[in-house]
Amino acid sequence: MRLSRYFLPVLKEAPADAQIVSHQLMLRAGMIKQNGAGIYSWLPLGMRVLHKIEKIVREEQERAGAVELLMPTIQPAELWKESGRYDAYGKEMLRILDRHEREMLYGPTNEEMITDIFRTYVRSYKQLPINLYHIQWKFRDEVRPRFGVMRGREFLMKDAYSFDNTVEAAKQSYYRMFCAYLNTFSRIGLKAVPMRADTGPIGGDLSHEFIVLADTGESAVFCDSALVDMPAPGKDLNFWQDLLPEVEKRTKLYAATEEMHDAARFESEVPAERRLSARGIEVGHIFYFGTKYSAPMKAEVTGQDGKNAPVEMGSYGIGVSRLVGAIIEASHDDKGVIWPAAVAPFEVAVVSLRSDDADVTKVCESAYEQLLNAGVDVLYDDTGERPGAKFSTMELIGVPELIVVGPKGVKAGVVEFRNREAGSSEEMTLEAAIKRCLASKGA
RNA sequence: CGGAGUAUAGCUCAGCCUGGUAGAGCGCUUGCUUCGGGAGCAAGAGGUCGUUGGUUCGAAUCCAGCUACUCCGACCA
């Protein structure tokens with residue numbers, strides 16, 4: 001992408017409404033525009049990050065056996081009356097009347113709808129297990145939206161729903177998502193710690209939150225630092241073996257959010273040097289809730305014994321749009337965002353220091369072409385801005401690697417290769433710089 | 001939903017107390033000079049002061065209603 005043809009409205013100053021750093025940086029970097037309380041447009045740069053996160057989420061869901069579909073944002077009220085949640089959900093649910101005065105709602109979640117899909121098609125225990133997911137916009141009419149996309153009213157969520165014959169099988173489905181989440185967050189470049197959670201209004205008796213540690217997080221968390229340091233299971237994990245040991249390795253270590261915290265247990269179970277009390281942001285939440293929806297909605301399958309029984313269900317959410325904010329909270333400095341490479345809107349930027357210099361332009365164009373051809377997401381700053389302004393913008397939007405091309409370097413046959421996170425700068429030939437970019441992409 | 005604020009140019013804000021023809025910086029446009037860390041000079045464009053009503057000869061300014069947004073608390077991916 002050539003910057004001269006791109007849409008990147010960066011701001012020097014943070015709008016006064018933004019209070020936390022991720023919100024300020026997202027506005028300044030031209031990623032989002034607020035359209036109302038808790039409602040945002042995703043501008044091109046922000047949308048790129050959203051897509052990168054979605055891609056990783058999809059890959060890890062599929063690896064764990066979940067299958068993608070897409071349900072609508074608007075749902076008829078009938079399904080929610082069946083489950084009893086139409087009245088129970090309260091004012092957080094945005095209710096709408098259509099032109100025929102039929103009661104509709106903008107989905108805050110999709111348990112009812114997926115259960116309806118399931119019961120329409122699935123009859124036999126032989127068809128299980130099934131795990132269906134989608135990535136769709138949700139609306140929850142929060143009393144107090146705040147913190148930009150971290151607590152918007154409209155937000156993008158990946159929600160998966162598992163269906164099993166038995167409690168034991170349902171727990172394995174739960175463990176698969178548990179491990180998939182660890183892998184997902186790890187690939188995104190985050191340390192996300194699973195913590196036992198309240199099941200809340202969704203109901204059920206097995207639930208974990210995945211918490212990203214960040215100084216600016218909304219809730220206090222307490223955990224064993226060994227849990228934070230433990231690597232994710234990784235892509236070689238066999239998802240179709242008994243995953244309980246993999247899960248237990250983590251769940252046996254102490255980790256709790258403020259509301260579940262037990263100071264006495266914390267101190268007795270965790271050695272002093274590993275007692276970590278920090279702040280965190282919830283980016284995922286998984287639930288096992290049995291037949292809470294399948295029983296009232298009659299989502300039943302015929303078992304081996306010829307009898308019908310409601311299926312065992314779980315649901316698994318990742319706040320995709322919230323993750324964008326969470327990543328920034330966890331990874332920024334006073335100059336701007338520091339994107340983990342996997343989710344950076346652009347992986348590399350080619351910065352021309354003199355767009356009116358033919359030799360410089362020639363080197364830039366060559367670098368840009370080569371990177372494009374190699375499949376790298378490259379931003380080419382071909383504008384006539386001054387060097388200082390260009391560097392500031394690149395640091396603000398957090399491009400991980402820069403190839404800086406200036407007249408002096410071109411005469412000497414070198415370009416400058418910079419790394420955003422390390423703050424490093426080296427001179428090398430263009431070929432070497434491109435090789436470095438490709439190497440970090442492969443890593 | 002309880003409490004507290006804010007609303008003036010694209011952005012950040014001043015002006016309001018003490019009513020009298022709308023201001024700054026940044027950004028934008030044009031020209032010249034610049035060009036390795038958000039350039040300098042010059043000339044410009046840009047606002048029915050959130051909205052409705054009231055007080056007044058006169059309202060950005062005083063008063064009231066409404067709306068929107070933000071913050072603190074309770075709730076939440």
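Chain identifiers are assigned alphabetically (A, B, ...) following the order of the sequence lines, protein sequences preceding nucleic acid strands; residue numbering begins at 1 within each chain. Every heavy atom of this structure was used, including side-chain atoms; hydrogens, water molecules and symmetry mates were not.
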Between U61(B) and A22(B), how far is it from one C1' atom to the other, in whole Å?
12 Å
Name the nucleic acid region contacted by T393(A), choosing base, sugar-phosphate or nothing; use a 4.0 angstrom heavy-atom cut-off, strictly under.
base
Give G152(A) one of three labels, base, sugar-phosphate or nothing, depending on what nucleic acid heavy atoms sit under 4.0 Å from its own.
base
Evaluate the side-chain proximity of L128(A) to F118(A): yes if any heavy-atom separation is below 4.5 Å, no if none is.
yes
Please measure how far the C1' atom in C28(B) lies from the corresponding atom in A45(B), and state the result in whole Å.
8 Å
State whether E111(A) and R85(A) are salt-bridged, where the test is any N-O pair (Lys NZ or Arg NE/NH1/NH2 against Asp/Glu carboxylate O) under 4.0 Å.
yes
Base, sugar-phosphate or nothing for E385(A)? Non-hydrogen atoms, less than 4.0 Å.
nothing
If you only use heavy atoms from C-beta on, which nucleotide in C26(B), C35(B), U70(B) is closest to the side chain of K12(A)?
C26(B)
Within the structure shown, what part of the strands sits under 4.0 Å from R28(A) by heavy-atom distance: base, sugar-phosphate, or nothing?
base
Nearest heavy atom decides the nucleotide; on that basis, is L156(A) or N35(A) closer to the 5' end of RNA chain B?
N35(A)
Looking at Y89(A), is R95(A) sitting on its ring face, NZ or CZ under 6.0 Å from the six-membered ring centre and within 45 degrees of the normal?
no
Expressed in whole Å, how much space separates the P atoms belonging to A24(B) and G15(B)?
15 Å
Verdict with reasoning, Y380(A) to E369(A), per side-chain hydrogen bond (donor to acceptor under 3.5 Å, both in side chains)
CA-CA 10 Å; Y380(A) 169 25; E369(A) 283 297 318; over 6 Å; no
Check residues 404-414 of chain A and write down every donor-acceptor pair under 3.5 Å in which the side-chain atom is one partner and the other belongs to a residue at least two apart or another chain.
none

Under 4.0 Å, heavy atoms only, any strand: does K158(A) hit a base, just the sugar-phosphate, or nothing?
nothing
If you look at every strand shown and take non-hydrogen atoms under 4.0 Å, does G384(A) touch a base, only sugar-phosphate, or nothing?
nothing
Looking at F210(A) versus F178(A), is the centre-to-centre ring distance below 6.0 Å?
yes
G73(B) base to R146(A) side chain: any donor-acceptor pair below 3.5 Å?
no
So what does V283(A) hit on the nucleic acid, given a heavy-atom distance under 4.0 Å: a base, only sugar-phosphate, or nothing?
sugar-phosphate
Output one line per pair: protein atom, nucleotide atom from nucleotides 11-14 of chain B, and distance, for all N/O pairs under 3.5 Å.
residue, atom, partner, partner atom, Å
C11(B), O2, E13(A), OE1, 3.4
U12(B), OP1, A16(A), N, 2.6

Span that lies between the C1' atom of A43(B) and that of G5(B), in whole angstrom:
41 Å
Evaluation steps, side-chain hydrogen bond (donor to acceptor under 3.5 Å, both in side chains), between T361(A) and E365(A):
CA-CA 6 Å; T361(A) 301; E365(A) 294 281 348; over 6 Å; no
Are the ring of F155(A) and the six-membered base ring of A77(B) within the stacking cut-offs of under 5.5 Å and under 30°?
yes
Base, sugar-phosphate, or nothing for D159(A), non-hydrogen atoms under 4.0 angstrom?
nothing
Within the structure shown, what part of the strands sits under 4.0 Å from G317(A) by heavy-atom distance: base, sugar-phosphate, or nothing?
nothing
